[in-house]
> 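Sharing a structure with you now.
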2 protein chains.
Amino acid sequence: MKLSKTSEYAIRILSYMAKENNELFSAKQLIEKLGVSDKYLRKLMTLLSKVQLINSKQGRYGGYCFSKNTKDIYISDIINAVEGMDKYLGCILGFDDCSDENPCSMHEVWVETREKLLKTFSETSLYEISQKNSLKI
Amino acid sequence: MKLSKTSEYAIRILSYMAKENNELFSAKQLIEKLGVSDKYLRKLMTLLSKVQLINSKQGRYGGYCFSKNTKDIYISDIINAVEGMDKYLGCILGFDDCSDENPCSMHEVWVETREKLLKTFSETSLYEISQKNSLKI
DNA sequence: TTAAAATACTACTTAATGGTAGTATTTGCA
DNA sequence: TGCAAATACTACCATTAAGTAGTATTTTAA
Ligand code: SF4
Ligand code: SF4
């Protein structure tokens with residue numbers, strides 16, 4: 001399993017924010033703590049604010065903050081915001097016109113794993129993650 | 001979950017071969033049946049023969065055949081042959097220097113899913129796949 | 001021994017992702 | 001009002017993955 005860098009960064013940034021639980025985060029702050037370049041982080045934050053996962057405020061004393069409770073933000077929401085989950089749920093062989101009714105030889109083997117993956121992403125919230133007693137990020 | 005096109009193609013080609021169970025397959029034959037371009041398929045087949053999953057024979061009446069029993073070829077072998085499994089087993093956040101002893105906030109959530117994924121890939125053989133009664137490929 | 005039919009090799013092109021630079025805009029306070 | 005400190009936008013550059021073209025090599029049967 002491999003997410004794109006873009007999704008990796010988005011999850012890192014938001015899970016850091018959820019854990020710290022500040023009122024407001026500046027890009028500068030986030031850049032210092034997480035290993036993401038200035039411009040790339042800002043581009044991402046703009047994306048995330050466009051789908052209303054976070055709010056951004058320009059100007060002096062501006063920055064980013066969550067626009068809803070972290071209990072209501074799921075990993076799948078984050079991935080969807082920056083690149084879409086669809087590509088991770090398709091056929092393992094790269095076809096795009098099959099259904100469960102007409103399975104090929106790989107299908108049965110793949111489906112169970114995929115379900116598990118989807119379940120993890122769509123049921124784990126940022127809040128849950130931020131509650132773990134961890135040492136990194 | 002998304003494999004690279006390269007892995008997708010490799011799995012498609014080999015699972016087709018396992019199902020048909022011919023002595024020998026020519027590139028031409030495979031290209032006609034599977035939607036992979038001539039040159040790309042040949043490049044892949046050369047890769048697969050270099051790691052001894054298949055044998056290739058040049059010259060008139062040449063072609064490709066399995067070099068071992070399809071019961072002994074696992075999905076993970078195929079992925080390893082063409083691009084490596086490693087990238088699919090790393091950290092979901094893109095870090096590369098963590099261990100299970102010092103988990104970050106995402107770790108616990110991710111590990112179980114990853115185990116399942118790895119298990120599926122490393123325990124499913126081409127033979128198993130070719131035995132399924134399927135309609136595609 | 002030569003021609004046909006197959007794979008192998010080398011080098012290039014295209015598309016997608018990841019990353020950077022520079023400028024514009026917004027905001028609030030001295 | 002004007003400056004400082006923040007984010008937003010536009011346009012470009014770099015790297016990697018995917019795909020293509022053309023030539024070389026191998027094999028064997030006529
Ligand atoms: S039936 Fe096979 S080809 Fe179709 S979606 Fe399932 S795994 Fe993919
Ligand atoms: S602890 Fe966190 S950062 Fe480290 S490998 Fe696990 S998920 Fe990745």
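Each chain gets a letter, A, B and so on, in the order the sequences are listed, and its residues count up from 1.
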> Under 4.0 Å between a side-chain N/O of B/Thr46 and OP1 or OP2 of C/dA8, yes or no?
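True: B/Thr46 side-chain N/O within range (under 4.0 Å) of C/dA8 OP1/OP2.
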> Given C/dT7, is OP1 or OP2 found less than 4.0 Å from the side-chain N or O atoms of B/Ser56?
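Result: no.
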> Specify the separation, in whole Å, of atom CZ of A/Arg42 and atom C1' of D/dT10.
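Atom-to-atom, A/Arg42 to D/dT10, this comes out as 16 Å.
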> Given atom OH of A/Tyr61 and atom C1' of C/dT26, what is their separation to the nearest angstrom?
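So the two atoms are 15 Å apart, to the nearest Å.
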> Below 3.5 Å, does any donor atom in the side chain of A/Lys39 face an acceptor in the base of C/dG22, or the other way round?
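Looking at the base of C/dG22, it does pair with a donor or acceptor on the side chain of A/Lys39 (distance under 3.5 Å).
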> Taking only the side-chain nitrogens and oxygens of B/Lys50, find out if one of them lies under 4.0 Å from OP1 or OP2 of C/dC9.
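Yes, because at least one side-chain N or O of B/Lys50 sits under 4.0 Å from OP1 or OP2 of C/dC9.
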> For D/dA18, does either OP1 or OP2 sit under 4.0 Å from a side-chain N or O belonging to B/Thr6?
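For D/dA18, OP1 or OP2 has a side-chain N or O of B/Thr6 closer than 4.0 Å.
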> Using atom NZ of B/Lys43 as one end and atom P of D/dA17 as the other, report the distance to the nearest whole Å.
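The distance from NZ of B/Lys43 to P of D/dA17 comes to 12 Å, rounded to the nearest Å.
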> B/Tyr64 has a side chain; which of C/dA8, D/dT7, C/dT20 sits nearest to it?
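Between C/dA8, D/dT7, C/dT20, the one nearest the side chain of B/Tyr64 would be C/dA8.
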> Specify the separation, in whole Å, of atom CE of B/Met45 and atom C1' of C/dA8.
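Distance check: B/Met45 CE to C/dA8 C1' gives 13 Å.
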> Between A/Tyr74 and A/Phe121, is the gap from one ring center to the other below 6.0 Å?
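Judged by ring-centre distance (under 6.0 Å), A/Tyr74 and A/Phe121 do not meet the cut-off.
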> So which heavy atom on B/Leu30 is nearest to which on B/Met17, and how close?
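It is CD2-CG, 3.9 Å.
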> Between B/Arg60 and B/Lys87, just flag the one whose closest nucleotide in DNA chain D comes earlier from the 5' side.
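Looking at DNA chain D, the more 5' nearest nucleotide goes with B/Lys87.
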> Base of D/dT26, side chain of B/Gln58 - is there a donor-acceptor contact under 3.5 Å?
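Counting by modelled atom types and ignoring angles, no donor-acceptor contact under 3.5 Å is found here.
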> Give the rounded distance in Å between these two atoms: CG of A/Leu24 and P of D/dA5.
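My rounded result for the distance is 16 Å.
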